[in-house]
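Okay, so here's the structure we're looking at.
The first residue of the sequence shown is numbered 1, and numbering continues consecutively from there. Everything numeric here is computed off the predicted structure, so don't read it as measured data.
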Amino acid sequence: MSKIVKDTENQLHSLVTEALGKAIADGVLPAEPIPDFKVEVPADRANGDYSVNAAFACARAFRTAPKKIADAVSNYIDLGDSYFDSCSVAGAGFINFTLGDRYYADILLDIKKCGKKYGSSDFGRHKKVNVEFVSANPTGPMHMGNARGGALGDCLASVLSMAGYDVSREFYINDAGNQIDKFALSLDIRYQQLFLGDKAPSLPEDSYHGEDIKERAEEFAKQYGDSYLEKSEEERRKALVDFALPKNIQNMKDNLAKYRIKYDTWFHESVLHNGAIDDVIKILTDNGMTYEKDGALWYKNIEMQTKLLKKAGKTQEQIDRLELKDDVLIRQNGNPTYFAADIAYHRNKLVDREFEKAIDVWGADHHGHVARLKGALEAIGIDSSRLDVVLMQLVNLMKDGEPVRMSKRTGNAVTLVDLLDEVPIDAARFFFNMREPGSTIDFDLGLAVKEDSQNPVYYCQYANARICSILRKMKEENIEPRDCTEEELMLLKAPEERELIRHLSALTDEIITAAKDYDPARITRYAVTLATLFHKFYNACRVGVDDEKLRAARLYLCCRVKDVMGIILTEFKITVPESM
């Protein structure tokens, strides 16, 4: 992992603190404690590579004008053994610092030294984190939301892992409850219709009408004929589910594997029905958080939410506007609700399996479920801050400027399989991480298959391929990349070279920020900018110059760009072509 950037920022903080101390010792500044101040990278580097707000932070404590404090820092600071070349004061007291040649050289040497670990850090301190994503019902095909959730969850897990967390990817299989009952009914009616025709019952409006249900019923009939018409409804439906559900689950596993997603755990909801849900119900009841009404058992959501919201500073009037409702835990028929299973599931993650953090990736339509689940966790004695929910917005599938709505398989929605048949997997994984989760995505099918610079994933891959082309051309002239000394790399002084190296140096911080914000889109944007800056460098700075040392330094820079682009694309499971 790289520490140069953070060490440089810490070094600058120490140098400014020492300069203030010297100015105080000489009586130039008052003998007061030095307040904390920030070291920042300015948006505009015209005045310097770093700025420090020490003059403004100290002004009140020192009862001195910021400009005088800034001038004192500039006069007393010793940059001799640092990465900085100069210190200047601007305006009312802005203190700016410019990095020297050695910094840029050492960044490139550090990338080579770190290898595939460049950009990684120990920020997460190896905390155990569970990332649960997709978790589609196994009663039908995965849809476009699952396609986005798959790419988002998988790349988020990669970002967290690079930031030093111990990450486990998980899929929650809803193989119990109401949706399975509905699945059984739908299969049963489709099975009967194959043999009884008009005499068979009609499919209810709220059941599953997709072609996949017909296909599973036909497969069952092909194997067992009409023999199950003689069986009881309960036996027939159980047989149909036992036949169809494993096929659907395997189908999901195969499709997600094609999407390059490998889960550490496939967790079955049915496991929770063997005591875990009962345990949660008992805890809630013992804590006075349940009551019986109309033959069902209810959770006191209103009471818990009111308590938490008041603690957060909300007024009763604000709370009343939310129109909170209590939730059923056990139905009149004795079956637990999905909500009861969900509480038990998160207790399993956070208590039984001891994850320090559970991160769920949900569709934005589940936003109302977040507060009540967090409240229920508090009600069973679990700190709800240990659960974070990433809500992702919808995907609008576009082609030739028009929305695409129909699926050739189900007749009502575009499926994950449809998408992967239509566009390259690289494009799907990259495009779904081009915007933060809370933004709606317009997925352009036409752009996804384009092989030009307008396609962002192609643009990034082309940067890598172009570097490989440069290396091949150099090899034809018997020129190979070689290790360079710090002095040789200090020859890289062109603005385009410096800008490119500065961007390379930012990868670790970008990954940490992406992990903090649960936003892997930061890294795809970083990759696009890296490609842009490389192409800019390539057009401005000829690599195959006659000066052997400068040529070697530029080849070294090309190789380090290739290293970093390879790290990003590989972590996001996107291919890294050497020719295009």
Checklist line | N-O pairing of Asp188 and Arg236 below 4.0 Å | finding: yes
Item checked: Lys128 with Glu356: basic N within carboxylate O range, under 4.0 Å -> no
Notebook entry, point to check: So, Asp278 and Lys282, do they make that salt bridge, N to O below 4.0 Å?
Noted result: no
Notebook entry, point to check: Taking Asn433 for the side chain and Ala521 for the main chain, is one N or O donor matched with an acceptor at less than 3.5 Å?
Noted result: no
Next item on the list: Count the heavy atoms of every other residue, nucleotide or ligand shown that sit under 6.0 Å from NZ of Lys314, and state whether that count exceeds 12.
Entry: no
Checklist line | Ile425 vs Lys258 side-chain heavy atoms within contact, under 4.5 Å | finding: yes
Notebook entry, point to check: Looking at CD1 of Ile277 and CZ of Arg347, how far apart are the two atoms once the value is rounded to the nearest 0.5 Å?
Noted result: 12.0 Å
Item checked: Flag, side chain of Asp242 to backbone of Ala239, donor-acceptor distance under 3.5 Å -> no
Checklist line | Working for side-chain hydrogen bond (donor to acceptor under 3.5 Å, both in side chains), residues Gln332 and Asp294 | finding: CA-CA 7 Å; Gln332 290 175 327; Asp294 300 330; 5.9 Å; no
Next item on the list: Examine the side chains of Asn301 and Asp326 and answer whether a donor and an acceptor come within less than 3.5 Å of each other.
Entry: no
Margin query: Could you check whether any side-chain heavy atom of Leu416 comes within less than 4.5 Å of a side-chain heavy atom of His143, counting everything from C-beta outward?
Written below: no
Notebook entry, point to check: Are the charged groups of Lys182 and Asp206 less than 4.0 angstrom apart, N to O?
Noted result: no
Checklist line | Single hit among Asn146, Leu156, Val361, Ile359 for side-chain contact (heavy atoms from CB on, under 4.5 Å) with Phe133 | finding: Val361
Next item on the list: Quick one: closest heavy-atom pair of Asn248 and Phe183, and the distance?
Entry: ND2-CZ, 3.6 Å
Check: Can we say Lys222 and Glu219 salt-bridge, meaning some charged N sits less than 4.0 Å from an Asp/Glu carboxylate O?
Finding: no
Note to self: Tell me the closest heavy-atom pair linking Ser385 and Lys374, and the distance in Å.
What the structure shows: CA-NZ, 4.2 Å
Next item on the list: Give a yes or no on whether a salt bridge exists between Lys214 and Glu211, defined as a side-chain N under 4.0 angstrom from a carboxylate O.
Entry: yes
Check: Is Lys116 salt-bridged to Asp563, cutoff N-O under 4.0 Å?
Finding: no
Next item on the list: Taking Arg331 for its side chain and Pro336 for its backbone only, find out whether a donor-acceptor pair lies under 3.5 Å.
Entry: yes
Note to self: Looking at Ala358, is its backbone amide N or carbonyl O close enough to the side chain of Arg386 to form a donor-acceptor pair, meaning the two atoms are under 3.5 Å apart?
What the structure shows: no
Check: Is any side-chain heavy atom of Tyr259 less than 4.5 Å from a side-chain heavy atom of Arg429?
Finding: yes
Item checked: Test item: Asn287 side-chain N/O and Met289 main-chain N/O as donor-acceptor pair under 3.5 Å -> no
Checklist line | Pair Trp362 + His369: ring centers closer than 6.0 Å | finding: yes
Note to self: Please check: side-chain N/O of Gln393 versus main-chain N/O of Pro437, any donor-acceptor pairing under 3.5 Å?
What the structure shows: no
Note to self: Side chains of Tyr208 and Leu187, heavy atoms from C-beta outward: is any pair under 4.5 Å?
What the structure shows: no
Note to self: So for atom CD, which belongs to Glu218, do other residues, nucleotides or ligands contribute more than 12 heavy atoms lying within a distance under 6.0 Å?
What the structure shows: yes
Check: Of the non-hydrogen atoms in Gln318 and Gly313, which two are nearest, and what is the gap between them?
Finding: OE1-O, 4.3 Å
Item checked: Flag for Ser135-Glu132: side-chain donor and acceptor within less than 3.5 Å -> yes
Check: Yes or no on side chain to side chain contact (heavy atoms under 4.5 Å, CB included) for Thr337 and Ile330, after CA distance, side-chain angles and deciding distance?
Finding: CA-CA 6 Å; Thr337 61; Ile330 305 293; over 6 Å; no
Check: So, the side chain of Ser439 versus the backbone of Arg435: is there a donor-acceptor pair under 3.5 Å, distance only?
Finding: no
Item checked: Leu394 side, atom CG; Leu397 side, atom CG - distance, nearest 0.5 Å -> 12.5 Å
Next item on the list: Could you tell me whether the side chain of Gln193 and the main chain of Pro201 form a donor-acceptor pair under 3.5 Å?
Entry: yes
Next item on the list: With side chain to side chain contact (heavy atoms under 4.5 Å, CB included) as the test, would you mind laying out the steps for Val528 and Cys460 before giving the verdict?
Entry: CA-CA 6 Å; Val528 172; Cys460 293; 3.9 Å; yes
Next item on the list: Taking Glu354 for its side chain and Val351 for its backbone only, find out whether a donor-acceptor pair lies under 3.5 Å.
Entry: no
Note to self: Counting the benzene-type ring for Trp, do Tyr172 and His268 have ring centres under 6.0 Å apart?
What the structure shows: no
Check: Ignoring hydrogens and geometry, is there a side-chain-to-backbone donor-acceptor pair from Thr513 to Asp509 under 3.5 Å?
Finding: yes
Next item on the list: Indicate whether the side chain of Arg190 and that of Ser207 have a donor and an acceptor atom separated by less than 3.5 Å.
Entry: no
Notebook entry, point to check: Is the closest basic N to carboxylate O distance between Lys127 and Asp166 below 4.0 Å?
Noted result: no
Item checked: More than 12 heavy atoms from other groups under 6.0 Å of CD on Gln316 -> yes
Note to self: Rounded to the nearest 0.5 Å, what separates atom CZ in Phe431 from atom CG in Asp442?
What the structure shows: 12.0 Å
Item checked: Any side-chain heavy-atom pair of Asp342 and Leu373 under 4.5 Å -> yes
Margin query: Here's one to test your reading of the geometry: is the NZ or CZ of Lys293 within 45 degrees of the ring axis of Tyr291 and under 6.0 Å from its centre?
Written below: no
Checklist line | Nearest-0.5 Å distance that lies between atom OG in Ser158 and atom NZ in Lys573 | finding: 5.5 Å
Next item on the list: Compute both the distance and the angle, then confirm whether Lys349 meets the cation-pi test with Phe355: under 6.0 Å from the six-membered ring centre, within 45 degrees of the axis.
Entry: no
Next item on the list: Report the C-alpha distance between His366 and Asp360 in whole Å, list the side-chain angles of each, state the deciding distance to 0.1 Å, and finish with yes or no for side-chain hydrogen bond (donor to acceptor under 3.5 Å, both in side chains).
Entry: CA-CA 11 Å; His366 288 74; Asp360 296 349; over 6 Å; no
Margin query: If you define the side chain from C-beta out and look only at heavy atoms, does anything of Glu170 sit under 4.5 Å from Arg353?
Written below: yes
Note to self: Classify the ring geometry of Phe171 against Tyr263: parallel below 30°, tilted from 30° to 60°, perpendicular beyond 60°.
What the structure shows: perpendicular
Notebook entry, point to check: When the ring centroid of Phe572 is compared with that of Phe432, is the distance short of 6.0 Å?
Noted result: no
Check: Quick check, are the ring centers of Tyr228 and Tyr191 under 6.0 angstrom apart?
Finding: no
Item checked: Minimum-distance pair of heavy atoms, taken over all atoms of Phe339 and Leu329 -> CD2-CD2, 3.9 Å
Item checked: Asp444 and Lys399 ion-paired at < 4.0 Å -> no
Check: Side chains of Ser270 and Asp175: do they bring a donor and an acceptor to under 3.5 Å?
Finding: yes
Next item on the list: Dump the intermediate steps for side-chain hydrogen bond (donor to acceptor under 3.5 Å, both in side chains) on Asn130 and Ser168, then the final yes or no.
Entry: CA-CA 5 Å; Asn130 178 289; Ser168 179; 4.6 Å; no
Notebook entry, point to check: Does the side chain of Thr290 pick up a donor-acceptor pair with the side chain of Thr285 at under 3.5 Å?
Noted result: yes
Checklist line | Side chains of Gln179 and Glu269 in contact at under 4.5 Å (non-hydrogen atoms) | finding: yes
Checklist line | Ion pair Asp122/Arg125, N-O distance below 4.0 Å | finding: yes
Next item on the list: Could you check if a side-chain atom of Thr265 sits within less than 4.5 angstrom of a side-chain atom of Arg169, using non-hydrogen atoms only?
Entry: no
Item checked: Over all atoms of both residues, closest heavy-atom pair of Gly115 and Ile567 -> O-CD1, 3.5 Å
